[in-house]
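Read the structure below first, then the notes.
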Amino acid sequence: MKARQIITLFCLLFLSLSLQAEDGIAWGNLSESQQEVLAKFSDEWNSMPAERRERLARGAEHWAGMTPDQRNEARNRFESWRRLSSDRKELIRERYQIYRDLPVEEQRRIRDNFNQFRRLDKERRQLMRDRFQKMTPEQRQRLRDRLKDRPRTRTRDGA
């Protein structure tokens, strides 16, 4: 009998914890700086899905730690995002999910290549873009394969 009561009590405790987790973050549990950033959501906060509330809370926390220059950059990126077509946004989301599904080492390789590309001067980047655009799909795949198989070189910062 006691074992059954203990199991029942454990199940109720587990259920209440899982329901509490599904509720997400309560408005009152946000820091003052998070509440300032998220003020426009205060009226609808409790009706939002828990996952969205958690994402917004993390974003507000990140925002609070940014410098004014970083905030300005973020605003500019957001405005650029808003101007994109819904098809382009969907393509970006799909590619990001593909990236997130890659092994960590492959993600690092892609980030390293991207950072190396960004360090090039503007004219060289444009030349590379133009050359890539003119390639056939087969040529693009061969290039990707060659880049994937090449030995990693150390960058100037030692990484």
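Numbers here are sequence positions counted from 1.
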Of all heavy-atom pairs linking R82 and K89, the shortest is O-NZ, 3.8 Å
Does E73 form a salt bridge (Lys or Arg N to Asp or Glu O under 4.0 Å) with R77? I'd like the steps, not just the answer. CA-CA 6 Å; E73 260 183 60; R77 283 193 309 271; 3.6 Å; yes
Return the minimal non-hydrogen interatomic distance between Q107 and R100, and the atom names on each side. NE2-O, 3.2 Å
When rounded to the nearest 0.5 angstrom, what is the spacing between CG in L102 and CD in E105? 11.5 Å
Closest contact, heavy atoms only, W27 versus L38: CH2-O, 3.4 Å
Would E51 and R55 pass as an ion pair if we require N to O under 4.0 Å? yes
Do D145 and Q141 have a side chain donor and acceptor closer than 3.5 Å? yes
With clusters defined by side-chain heavy atoms of hydrophobic residues (ILVMFWY) lying less than 4.5 Å apart, directly or transitively, does I110 cluster with Y96? yes
When you measure from the side chain of E54 to the backbone N and O of G24, does any donor-acceptor pair fall under 3.5 Å? no
Quick one, R75 and F78 - any side-chain contact, counting heavy atoms below 4.5 Å? no
Here the pair of heavy atoms bringing K134 nearest to Q139 is O-OE1, 4.4 Å
Could you tell me whether the side chain of Y99 reaches within less than 4.5 Å of the side chain of R111, counting heavy atoms only? yes
Check W45 against R53 and note the closest heavy-atom contact, atom names and distance. O-CD, 3.0 Å
Report yes if the side chains of L143 and R146 come closer than 4.5 Å at any heavy-atom pair, otherwise no. yes
Working for side-chain contact (heavy atoms from CB on, under 4.5 Å), residues L56 and V37: CA-CA 9 Å; L56 286 169; V37 171; over 6 Å; no
Report the C-alpha distance between Q116 and D112 in whole Å, list the side-chain angles of each, state the deciding distance to 0.1 Å, and finish with yes or no for side-chain hydrogen bond (donor to acceptor under 3.5 Å, both in side chains). CA-CA 6 Å; Q116 186 176 354; D112 290 348; over 6 Å; no
Testing the 3.5 Å rule here: is there a donor-acceptor pair between the side chains of Q34 and S31? yes
CG of L91 to CZ of R88: how many Å apart, nearest 0.5 Å? 5.5 Å
Between atom CG of L127 and atom NZ of K122, what is the distance when rounded to the nearest 0.5 Å? 14.5 Å
Would a 4.5 Å heavy-atom cut-off, applied to side chains only, mark R129 and F117 as touching? yes
Should the heavy atoms of other residues, nucleotides or ligands under 6.0 Å from CE of M128 be counted, would the total exceed 12? no
Spell out, as yes or no, whether a donor-acceptor pair under 3.5 Å connects the side chain of E44 to the backbone of F41. no
Give a yes or no on whether R125 atom CZ has more than 12 heavy-atom contacts from other residues, nucleotides or ligands under 6.0 Å away. yes
Listed once per pair and sorted, the side chain to side chain donor-acceptor pair (under 3.5 Å) pairs that draw on residues 56-69, sequence neighbours left out: T67-Q70
For E94, does the CD atom sit with more than 12 other heavy atoms under 6.0 Å from it, leaving out its own atoms? yes
Rounded to the nearest 0.5 Å, what separation is found between the CD atom of E79 and the CG atom of L84? 11.0 Å
Polar side-chain atom of N29 near backbone of I25 as donor-acceptor pair, under 3.5 Å: no
What are the two closest non-hydrogen atoms of L30 and Q35, and how far apart are they? O-NE2, 3.6 Å
